[in-house]
Amino acid sequence: MGRRISRLLLLFPLSIFLIFLGRFPILPSVEGHSSVSAFFILGDSSVNCGDNIFLYPFFKGNLSSYLCIGKDRRLIPDILAEKMGLREIPMFYGQNGTVEGILGGLNFGYSKATIMNWGAGLQGLNQQLRQVFETFQVLQLQLGLEKAQQVIESSLFYLSFGKDDYIELLHDRSGIMKRFGHQAIARMLVNQITRVVEDLYNANVRKIICMGIGPLGCTPRSQWEAYNATDSTRGGCIDKINGLVVAYNNMLSANLLALNARLPDARIIFCDVYRGISTMITNPQIYGFKNVDSACCGFGRYGGMGRCLSKAMRCSDHVWWDFYNPTVTVNLNLANWTWSGSPIDICYPITIQQLASTSSQVHVGSPSQQ
Ligand SMILES: *[C@@H]1O[C@H](CO)[C@@H](O)[C@H](O)[C@H]1NC(C)=O
Ligand SMILES: *[C@@H]1O[C@H](CO)[C@@H](O)[C@H](O)[C@H]1NC(C)=O
Ligand SMILES: *[C@@H]1O[C@H](CO)[C@@H](O)[C@H](O)[C@H]1NC(C)=O
Ligand SMILES: *[C@@H]1O[C@H](CO)[C@@H](O)[C@H](O)[C@H]1NC(C)=O
């Protein structure tokens with residue numbers, strides 16, 4: 001079955017970033033060394049399994065929407081935190097309320113978070129940003145302004161949003177996609193992320209990782225929606241959906257690059273998850289996958305009809321865990337590639353390891369290095 005991922009689409013961000021590479025000081029990476037004091041995570045189901053909710057302490061381990069089952073759904077930021085030598089990052093709603101609980105970082109993410117508020121906007125991008133600022137205030141009150149600023153400057157931020165916005169837009173219950181067209185929508189979403197990056201920068205954050213959206217058109221759910229109603233034995237990624245995601249990713253990476261050039265001392269990187277997962281889908285044997293189109297845990301055609309209910313699944317030879325989320329095998333590869341750039345370099349202009357090992361040389365109020 002041909003995997004119809006247009007290879008042309010995969011080439012874009014790298015070429016654009018190469019043009020701008022000269023603007024960005026690339027420091028040698030220091031093996032095993034990370035100067036990151038805290039790792040703050042914002043995002044959707046790529047960073048959280050549905051348990052970061054108000055009243056978490058009461059429902060702990062008992063949530064019907066709980067997606068992470070056993071160790072089979074370790075997520076990319078969990079793996080990265082380990083590589084940086086940080087302890088497990090607590091959830092915002094799972095923290096114990098002490099400043100020690102905040103110092104290593106927090107995960108503000110929520111599995112259904114979106115960039116825009118589409119009506120069911122619980123714990124979305126803006127709410128997560130508000131919680132970040134509340135957290136900064138706690139640091140300032142407890143540590144004093146100067147120390148808090150040092151913590152913030154040397155921290156690493158991770159933003160991973162957008163998938164659920166496109167899921168919402170593809171169903172287009174609000175009719176907004178039809179009315180404005182996908183370019184305008186992508187522009188709107190990218191502007192929101194860009195604004196959040198600038199807000200963080202203005203609060204003295206200097207190191208920011210922005211993840212792109214993966215190949216949504218290749219997920220079991222997208223395939224189920226496209227093919228289940230037909231008798232055809234067709235299968236494979238839905239080009240139309242992937243085209244939308246790639247357009248968004250390209251626009252986001254270009255915008256972030258412009259921010260790097262404009263904001264003194266900013267170190268903002270874009271990681272092309274689309275390219276990473278597509279590489280695994282197109283070369284399954286290299287990465288040990290036996291199945292690239294069905295959910296390991298789910299039912300119906302492609303396992304895309306219903307959510308995963310089972311608790312004990314061995315999914316290491318699948319690309320997809322449930323109908324929209326990849327398996328831990330995929331996450332381990334992506335974490336490795338974003339961290340080291342090897343064997344596949346998917347973060348631009350530098351790797352997460354390089355970003356983590358650059359010391360924060362922030363001089364507030366100093367002129368730009370240019
Ligand atoms: C957790 O789930 C069990 C079984 O479904 C139920 O009996 C119990 O009341 C639940 N606890 C909470 C706090 O919801
Ligand atoms: C709160 O959490 C932090 C980090 O996990 C830990 O170091 C600290 O001892 C905890 N404090 C209390 C009072 O539980
Ligand atoms: C999708 O396929 C399943 C069988 O896997 C069938 O029971 C169901 O009715 C189909 N749904 C639609 C909307 O065609
Ligand atoms: C990721 O990198 C680690 C450390 O270099 C290595 O042990 C592991 O096998 C790699 N995982 C994958 C899935 O490539």
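Please read all numbers here as calculations on a predicted model, not as lab measurements. Whatever order the structure lists ligands and atoms in, that order sets their numbers, starting from 1.
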- Message: Could you check whether the SG atoms of Cys296 and Cys315 sit less than 2.5 Å apart, since that is the cutoff I want to apply?
- Response: yes

- Glu225 bridged to Arg221 by N-O distance under 4.0 Å: yes

- Message: Looking at ligand 2, would Gln95 count as a contact under a 4.0 Å heavy-atom criterion?
- Response: no

- Query: Nearest 0.5 Å, what's the OG1-OH distance between Thr194 and Tyr201?
  - Reply: 15.5 Å

- Item | Test of proximity, Thr329 against ligand 4: N or O pairs below 3.5 Å | no

- Please determine if Arg262 and Glu198 form a salt bridge, counting it only when a charged side-chain N lies under 4.0 Å from a carboxylate O. yes

- So do Cys347 and Cys271 have their SG atoms closer than 2.5 Å? yes

- Tell me which protein heavy atom sits closest to atom 5 (O) of ligand 2, plus the residue, atom name and distance to 0.1 Å. Arg87 NE, 4.0 Å

- Protein heavy atom at shortest distance from atom 13 (C) of ligand 2: Thr98 CG2, 3.9 Å

- protein heavy-atom neighbour closest to atom 14 (O) of ligand 2 works out as Asn96 ND2, 3.1 Å

- Describe, in one word, how the ring planes of Tyr302 and Tyr227 are oriented to each other, choosing from parallel (under 30°), tilted (30 to 60°) and perpendicular (over 60°). tilted

- So, for atom 11 (N) of ligand 4, does the protein have a heavy atom nearer than 4.0 Å? yes

- Query: Which atoms of ligand 4 sit under 4.0 Å from any heavy atom of Asn333?
  - Reply: 12 (C), 13 (C), 14 (O)

- Could you tell me the residue and atom name of the protein heavy atom closest to atom 1 (C) of ligand 4, and the distance to it rounded to 0.1 Å? Asn336 ND2, 1.4 Å

- Item | Heavy-atom side-chain contact between Trp224 and Phe323 under 4.5 Å | no

- In terms of residue, atom name and distance, what is the protein heavy atom nearest to atom 4 (C) of ligand 4? Lys83 NZ, 4.5 Å

- Message: I'd like to check atom 7 (O) of ligand 4 in this structure: does the protein have a heavy atom lying under 4.0 Å from it?
- Response: no

